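Notes to accompany the following structure.
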Amino acid sequence: MSLHFETSFWSRKQSDGVAGPDFTSGLQVLHRKLKQSKYENDEVIGFFKERVATEEQYATQLGRAKALLANGFAADDGATLKSSFQLLKATNHTQAERHRALVDTLKSNVLAPLVTFHDDYQMAVQASKQAMDAHIKQFDQLVKEADRAKALYHRRCRDADQAEDAAVQRTPASPAVAVDPSQKDENEPNGELEEETVQVGSQTMTRAAFEQLVREMQADIPQHDYRVPLLGKYTHTSTGENIARWLQQKIPQCKDSPAMTELIAQQLITPFQVLRLVGQRGNKFVASPHAYYQWRALVQAENNENTSTTAASNTGLLSMFDRTTANNGIQEEPHKKARADAERADEAYRSAIKRLDQMRMTVEEAMFTHFAELEQIETRRIHVIKKSFTEYTSSLSSLLPIDKEMIEEMLANQESLKPEQDIQYIVQHYFQGSFAPRAILYENYYHGIAHDQIFGVPLADLAKLGDDPVPMFVTRVLEAIEQGSEGMEKEAKMKLWSTPVPLQKVHALRADVNTTSERISKEMLLEQEPGLLAALLRLFLMELPQCLFTQDLYTPLHAVYATGKEADTQARLVSVANLVALLPAAHFETLQVIAKHIQRFMQSTDPDEATKQAICQALGNVIVQAPTPTLTTQASKVPSMLLMDLIEQYDSIYTDATQKAHEDSEKRQQQRLVAAAAARDASLDGGDRRRNSSRFLSFIRTSSDEPLEPPSASSSSNQPTSPSTKWNFNVFRSNSLDKTRSPLTPTHSHTPASQQPAAKSHHTTFTPSSIVNDSPPLSPTAMPSMTTTDTATTTATTATAASTTTATEPPAAVAPPPPPKTDAMDDNNNANVMFDIAALTKKAKAKDPDATFDQLLDEVDENDLDPFFDDD
């Protein structure tokens, strides 16, 4: 598989909180590598400059022909020796001319083009990097604004809740609700303590300066009406060409920088909402005379002219009312004002998140363009250097015929220089991560995230909004694709799922449909091209916080296909079915629906093997993702192999047994959730959280005011230690508020309050006893019940009852009446204790060694099982 920059240099780590994905770390690695390329260019240019200087010096030295000495060869006409010497000197002059010609050739054909390209190379990389840095800087600023808006929104909601509670209780609002109007919230986005600024390109300016800049643009840039068939006339429009020309002439940072010009113009569309594209879909700025953009503020002002009189009248009436109420001292009720403030904060937060998510998509689109530009620049660099090497070798062979073998070796080496291989080398050695978009979600204070958007929301949350485990959006998109593709030609339909679609078009459609699921109808989706809907579904799956085939199953899935697809097909399909059955319900059902849809699609189109592989690769890498992306996982064929099996072997994988296994898995998951909830409830019982964080592991817990003590020496020497003595198995112990014992007997934890024995006059709470780390499994023998006498004179026996601790009998001790018989007692009034399945099995085996495991399970009551043991 061919690798490219756009699939290899996305950041691995992700930010937390409202902050969106990290765009910088992956880019920094690529930019460092391209900086190395600059030094490589300098090194090559330096080599050629040295060779040219050497040739020039050599040619000068060879051309310095000295005259014959008067007392030497010039003394007479000479014979053959003189003529031979003169010819020898002439060859020096000829070689000098050849070296001068070589110098000229190297300068014109090798050095000059390389130097020119190197200058262009640096400018292109720098311009692209600056434009990308400006995008990311703008994104980071919007992240901070969204963080402040969210913090303010949550605080206002808390204040509103407190104010409403205070109003219901007819008590004054808490001090946290009463806000002094003279004090400005530090989280306010438009706080007076800090003047609001905006990032325009690489320049930061105040909001007032930016508004002045927009007014100048509206006054200087030509405007006219633009008529669109069927849609009507648009007023106050300007062409992209005129807008770009004005920016290059008026903005210093846009001069000689088309990339910066396009960036600022794009910011005017989103997130600043100054312009909007008319006559076509999307929000992309193009510096073209055929692209028309409308000035939003001018259109809004024109539309408001007809209602200006009414608005002014209403404003006057409102102002008069405000003055009247202010003079009369009438103020809005605090809880209503607090709720209105919360609603305004909600709108500001929602708007901030929308702007931030739009900017995220803009940055992603810009990064794809940036990666493509850098890869193209790097490829061209290698081509130019290769050409310079070839010209250099050719010049040496033609002007300075030397060793033929050396020339052939140089030519062969240069033929093996492949720019594509160098690009692959860069990707393989500097890989960071693949494209994994992360949606930025609006989180409502009261009902979470699933009610206001679709993309980026967990599948389980989306499924809860309807009766079907499959999200409504997925179902309707698949139905629209199937219905919309019925009239397509076979060739076009065959490539529907494998044809790439520009990210800008997908993002534009995503912005239109990313709302509540109820508002997405199949009729709305049928207006789009089926190929665009398929790309939209792929983007939806990519933005899921947990991929469709959950990441915890990636390692076992990789192990299933490690031996190859052809090895023991039946065993592989069984393993795949077992893994699929472990998926959560929403993931299981959604994967099944998609696999069934693709199976029907392939049956109707009968694509060739190459098209099948392209479909499985396009969807497989979206459905299956590694927890940590690496070059190995990026090039892995496991995702496409899994999807091919799900399609071709659908009936063998999605069987009744798989469905039953999935239902059992869901039941076990629910049981684990219930047990975890019970554990949390038990840990909070009594309000002693510090004690509940101790090293004791079971739900049975001791009172913290009486530590465990080992048996006394006298007791241990005279009689064997009983299990209750050694391991402290009191089921419940009183934990009185006044630290005294009450006449209580052990009761079952599930005994209703009405059946509990009445306590003394003081209030008593209960905490379970504990099993320490070195405790053996509980014996099924119930512990004897314990009673206490009057706590004023008697000390209750502790968990180490077999020790020599004795109770002092009071002068007139009256034993309390026995407690009523409950379901928590056995026939001997012993407290029933919940055990793990291992202990119950041993007990039953001791009675009947021939009993089967199924028979043992039939005799087990679910109430006897300890939910804290995993083997239950």
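No experiment lies behind these values; they were computed from the predicted model shown.
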Worksheet entry | Heavy-atom donor-acceptor pair, Tyr226 side chain to Thr239 backbone, under 3.5 Å | no
Discussion item. Test your reading of the model: is there a side-chain donor-acceptor pair from Asp461 to the backbone of Ala450, 3.5 Å cut-off?
Written reply: no
Practice prompt. Would you check if the side chain of Thr633 reaches a backbone N or O of Thr630 as a donor-acceptor pair within less than 3.5 Å?
Written response: yes
Practice prompt. Kindly assign one of parallel, tilted or perpendicular to the pair His662 and Phe588, based on the angle between their ring planes and the thresholds 30° and 60°.
Written response: parallel
Worksheet item: Do you know which two heavy atoms are closest between Met494 and Pro607, and how far apart they sit?
Response: CG-CB, 3.5 Å
Fill in: Geometric cation-pi criterion Arg360 and Phe139, 6.0 Å radius, 45° cone
no
Item to complete: Check the side chains of Tyr650 and Gln592 for a donor-acceptor pair under 3.5 angstrom, ignoring hydrogens and angles.
Response: yes
Discussion item. Would you compute the distance between atom CZ of Phe601 and atom CD of Glu482 and round it to the nearest 0.5 angstrom?
Written reply: 10.5 Å
Worksheet item: Does the pair Asp664 and Lys660 meet the rule for a salt bridge (Lys or Arg N to Asp or Glu O under 4.0 Å), with working shown?
Response: CA-CA 6 Å; Asp664 293 342; Lys660 181 64 168 59; 3.0 Å; yes
Discussion item. Could you tell me if the side chain of Pro471 sits less than 4.5 Å from the side chain of Leu459, heavy atoms only?
Written reply: yes
Worksheet item: Charged N to carboxylate O below 4.0 Å: is that the case for Lys490 and Asp606?
Response: no
Worksheet item: For atom CD of Glu489, is the number of surrounding heavy atoms from other residues, nucleotides or ligands below 6.0 Å larger than 12?
Response: no
Practice prompt. Look only at the side chain of Gln546 and the backbone of Gln551, and say whether a donor-acceptor pair between them is shorter than 3.5 Å.
Written response: yes
Discussion item. Using side-chain heavy atoms (C-beta onward) and a distance below 4.5 Å, is Asp452 in contact with Arg350?
Written reply: yes
Practice prompt. Report yes or no: does Asn514 contribute a side-chain atom to a donor-acceptor pair with the main-chain N or O of Gln453 at less than 3.5 Å?
Written response: no
Item to complete: Answer yes if the side chains of Tyr446 and Asp346 hold a donor-acceptor pair under 3.5 Å, and no otherwise.
Response: no
Worksheet entry | Ring center gap for Trp295 and Tyr234 short of 6.0 angstrom | no
Fill in: Contacts of type side-chain hydrogen bond (donor to acceptor under 3.5 Å, both in side chains), residue Tyr293, not counting sequence neighbours
none
Worksheet item: Under 3.5 Å, is there a donor-acceptor pair linking the side chains of Gln617 and Ser640?
Response: no
Worksheet item: Do Glu543 and Arg438 sit within salt-bridge range, that is, some charged N less than 4.0 Å from a carboxylate O?
Response: no
Practice prompt. Report the C-alpha distance between Ile481 and Trp497 in whole Å, list the side-chain angles of each, state the deciding distance to 0.1 Å, and finish with yes or no for side-chain contact (heavy atoms from CB on, under 4.5 Å).
Written response: CA-CA 10 Å; Ile481 292 175; Trp497 283 96; 3.9 Å; yes
Item to complete: Kindly indicate, with the supporting measurements, whether the criterion side-chain contact (heavy atoms from CB on, under 4.5 Å) is fulfilled by Glu6 and Glu375.
Response: CA-CA 9 Å; Glu6 65 183 18; Glu375 182 172 342; 5.6 Å; no
Worksheet item: Going by heavy atoms in the side chains, are Met472 and Leu465 under 4.5 Å from each other?
Response: no
Discussion item. Atom CG of residue position Asp225 - does it have more than 12 heavy atoms of other residues, nucleotides or ligands inside 6.0 Å?
Written reply: yes
Practice prompt. Report, as yes or no, whether the 6.0 Å neighbourhood of atom CD on Gln376 holds more than 12 heavy atoms from other residues, nucleotides or ligands.
Written response: no
Discussion item. Please report the interatomic distance CG(Leu142) to CG(Asp147), rounded to the nearest 0.5 Å.
Written reply: 11.0 Å
Practice prompt. Please say whether more than 12 non-hydrogen atoms of neighbouring residues, nucleotides or ligands are located less than 6.0 Å from CD in Gln504.
Written response: yes
Response to the item:
Those residues at least two apart in sequence (or on a different chain) that pass ring pair (Phe, Tyr, Trp, His ring centres under 6.0 Å) with His290 are none
Worksheet item: Which distance, rounded to the nearest 0.5 Å, do you find between the NZ of Lys522 and the CD of Gln483?
Response: 4.5 Å
Practice prompt. Measure the CD1-CD1 distance between Ile353 and Ile449 for me, rounded to the nearest 0.5 Å.
Written response: 11.5 Å
Worksheet item: Distance-only, no hydrogens or angles: does the Gln138 side chain make a donor-acceptor pair with backbone N or O of Met359 under 3.5 Å?
Response: no
Worksheet item: Is any side-chain heavy atom of Pro556 less than 4.5 Å from a side-chain heavy atom of Leu579?
Response: yes
Discussion item. Using 30° and 60° as the class boundaries, would you call the ring planes of Phe455 and Phe540 parallel, tilted or perpendicular?
Written reply: perpendicular
Item to complete: Taking all non-hydrogen atoms of both residues into account, name the closest pair between Ala244 and Ala287 and its distance.
Response: CB-CB, 3.7 Å
Fill in: Geometric class of the Tyr554/His558 ring pair [parallel <30°, tilted 30-60°, perpendicular >60°]
tilted
Discussion item. If we ignore hydrogens and angles and just use 3.5 Å, is the side chain of Thr369 paired with the main-chain N or O of Glu365 as donor and acceptor?
Written reply: yes
Discussion item. Ring pair (Phe, Tyr, Trp, His ring centres under 6.0 Å), that's the test. Do Trp10 and Phe368 meet it? Break it down for me.
Written reply: CA-CA 10 Å; Trp10 298 86; Phe368 271 101; 5.2 Å; yes
Worksheet item: Taking atom types as modelled, is there a side-chain donor on Gln669 or Arg672 under 3.5 Å from an acceptor on the other?
Response: yes
Worksheet item: For Thr632, does its backbone N or O pair with a side-chain atom of Ser636 as donor and acceptor, under 3.5 Å?
Response: no
Worksheet item: Judged by modelled atom types alone, do Ser25 and Asp22 share a side-chain donor-acceptor pair under 3.5 Å?
Response: yes
Fill in: Glu486 with Lys493: basic N within carboxylate O range, under 4.0 Å
no
Discussion item. Before you tell me yes or no, could you show the steps for Gln294 and Thr237 under side-chain hydrogen bond (donor to acceptor under 3.5 Å, both in side chains), namely the whole-Å CA-CA distance, both residues' side-chain angles and the distance that decides it to 0.1 Å?
Written reply: CA-CA 4 Å; Gln294 189 177 52; Thr237 63; over 6 Å; no
Item to complete: State whether Arg510 and Asp357 are salt-bridged, where the test is any N-O pair (Lys NZ or Arg NE/NH1/NH2 against Asp/Glu carboxylate O) under 4.0 Å.
Response: yes
Discussion item. Can you list everything that forms a side-chain hydrogen bond (donor to acceptor under 3.5 Å, both in side chains) with Lys596? Sequence neighbours excluded, please.
Written reply: Gln599
Worksheet, complete the sentence: Between Val501 and Leu532, the two heavy atoms sitting closest are CG1-CD1, 3.8 Å
Discussion item. What verdict does the side-chain contact (heavy atoms from CB on, under 4.5 Å) test give for Val624 and Leu548, after you've listed the backbone C-alpha separation in whole Å, the side-chain angles of each residue and the deciding distance to 0.1 Å?
Written reply: CA-CA 7 Å; Val624 181; Leu548 197 55; over 6 Å; no
Worksheet, complete the sentence: Closest heavy-atom pair, Ile647 versus Ala595, reported as atoms and distance to 0.1 Å, is CG1-O, 4.3 Å
Worksheet item: Can you tell me how far the CG atom of Leu536 sits from the CD atom of Glu529, to the nearest 0.5 Å?
Response: 12.5 Å
Fill in: Stepwise side-chain contact (heavy atoms from CB on, under 4.5 Å) check, Leu509 with Leu533
CA-CA 9 Å; Leu509 180 57; Leu533 293 178; 4.1 Å; yes
Item to complete: Answer whether the closest heavy-atom distance between the side chains of Asp645 and Thr569 falls below 4.5 Å.
Response: no
Item to complete: Evaluate ring pair (Phe, Tyr, Trp, His ring centres under 6.0 Å) for Phe371 paired with Phe5, printing each intermediate quantity in order.
Response: CA-CA 6 Å; Phe371 286 139; Phe5 287 179; 7.4 Å; no
Worksheet item: Counting N and O atoms only, with roles assigned by atom type, does the side chain of Ser351 sit under 3.5 Å from a partner on the main chain of Glu347, one being a donor and the other an acceptor?
Response: no
Discussion item. How close do Ala586 and Ala463 get, counting heavy atoms only, and between which atoms?
Written reply: CB-CB, 4.2 Å
Worksheet item: Under 3.5 Å, side chain of Thr499 to main-chain N/O of Leu496, donor-acceptor pair present?
Response: no
Item to complete: For Asp608, look at atom CG and say whether over 12 heavy atoms of other residues, nucleotides or ligands are found less than 6.0 Å away.
Response: yes
